[in-house]
2 protein chains.
Amino acid sequence: MTVKLDQLDRKILRELQRDASQSLDEIARTVGSSKTPVWNRIRKMREGGVIKRQTVLLEAEALGLEACFFVLIRTSEHDAAWQQRFLEALRDRPEVQEAHRLAGEIDYILKVVVANARAYDAFYQALISEVKVHNVTALLSMEELKSGEGLPL
Amino acid sequence: MTVKLDQLDRKILRELQRDASQSLDEIARTVGSSKTPVWNRIRKMREGGVIKRQTVLLEAEALGLEACFFVLIRTSEHDAAWQQRFLEALRDRPEVQEAHRLAGEIDYILKVVVANARAYDAFYQALISEVKVHNVTALLSMEELKSGEGLPL
DNA sequence: TCTGAAACAACCTATAT
DNA sequence: ATATAGGTTGTTTCAGA
């Protein structure tokens, strides 16, 4: 089920990551190939799940989302039922941009994007009323220094 | 310079975030409008910077990037020159997917994606040799529970 | 696998409402 | 501000090498 990627595939992915609105002709030219092979490779990488989806990056501030928090969560509950409920709570909340289960002292990290501090508090209250957590630390982002450059190829 | 967004704009953005490969016709149909207005609105949102760019989301594992770390950094240096050098170090490193300056005890958080733990150590050693930092804590992700859903509209 | 070309679909502009 | 329509560009398929 693993697609093998050669240098040409990686060049194509690099271009797509940089600007997915380019035409096949443009991509073919910059990677030094022609339309059909580029198209076939893109199709295969889509089908093989290497390319998950095509999307747009939006300016959060323009949408009135001016606060970004990283939330560190410790829990005492580690049973399957609790995990399931926690997972569902995260999936249900669109403010949660990203969630990871961690190794070590801290059990989870979330990236949460909301309108303001009050909206974060509403999120926090809702979350802890749904699932029991031992300790929560919120780190407030003052400035995004880097983002959206895509994976290194 | 701020583009005002109405409900139709937001519906269009929701569709674009979900799947930017859709045709104008499809989008127009699902948001309950027709091609020309949808196209004009997209153009305005592009020009106004609401839509930053169009890209593809890739499967990191398929590219051999199997380790994801969140790195918490404390520093004692807070002068402008240090900040500048730190910023440049981050921008130069493609492993750094995201970087934020924080309020509070912890000064910075990074999201770093690399092939494995050894590659992370190489990154870490390179970083601390370039800029002086007081304290670094790395949180290793065991599992990505949520990502790439896009901003809430 | 790639090339080239033909068929098809979508984009973008202009014009009109 | 939205609809209709046509020229232009881009995508997809299919021969053949």
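Everything quoted here is computed from the prediction, not taken from an experiment. Sequence lines set the chain letters: A, B, ... in the order given, protein chains first and strands last, and positions in each chain run from 1.
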Restricting to nitrogen or oxygen on both sides, can you table the protein-nucleotides 12-17 of chain C pairs closer than 3.5 Å?
residue : atom : partner : partner atom : Å
C:dC12  : OP2  : B:W39   : NE1          : 2.7

Between NZ of A:K4 and C1' of C:dT1 the distance, given in whole Å, is 16 Å
Could you tell me how far apart A:L8 (CG) and C:dT1 (P) are, to the nearest whole angstrom?
11 Å
Does any pair with a residue in residues 143-153 of chain A pass side chain to side chain donor-acceptor pair (under 3.5 Å), and if so which ones, sequence neighbours excluded?
A:E143-B:R101, A:E144-A:S147
With sequence neighbours excluded, residues passing side chain to side chain contact (heavy atoms under 4.5 Å, CB included) with B:A28:
B:V38
Rounded distance in Å - CD (A:E26) to P (D:dG10):
7 Å
Got a sec, which hydrophobics cluster with A:L102, joining ILVMFWY side chains under 4.5 Å apart, including via others?
A:F70, A:L72, A:I106, A:I109, A:L139, B:F70, B:L72, B:L102, B:I106, B:I109, B:L139
Distance, rounded to the nearest Å, where B:D25 contributes CG and C:dC8 contributes P:
18 Å
Atom pair distance, as rounded to whole Å: NZ in A:K44 and P in D:dT12:
16 Å
Determine, for A:R85 against A:E88, whether the closest basic-nitrogen to carboxylate-oxygen distance falls under 4.0 angstrom.
no
Going by side chain to side chain contact (heavy atoms under 4.5 Å, CB included), name the residues that satisfy it together with B:D9, two or more places apart in sequence or in a different chain.
B:L5, B:D6, B:R41, B:M45
Would one find a side-chain N or O of A:R41 under 4.0 angstrom from OP1 or OP2 of C:dC2?
yes
Residues pairing under side chain to side chain donor-acceptor pair (under 3.5 Å) where one sits in residues 89-98 of chain A, two or more places apart or in two chains, turn out to be A:R93-A:E130, A:E98-A:H100, A:E98-B:K111
Using atom CD1 of B:I42 as one end and atom P of D:dT2 as the other, report the distance to the nearest whole Å.
13 Å
Can you measure A:I27 atom CD1 to D:dT12 atom P for me and round it to whole angstrom units?
11 Å
Does A:P37 reach a base, just sugar-phosphate, or nothing at all? Heavy atoms under 4.0 Å.
base
Distance check needed: C:dA10 P versus B:D19 CG, whole Å only.
13 Å
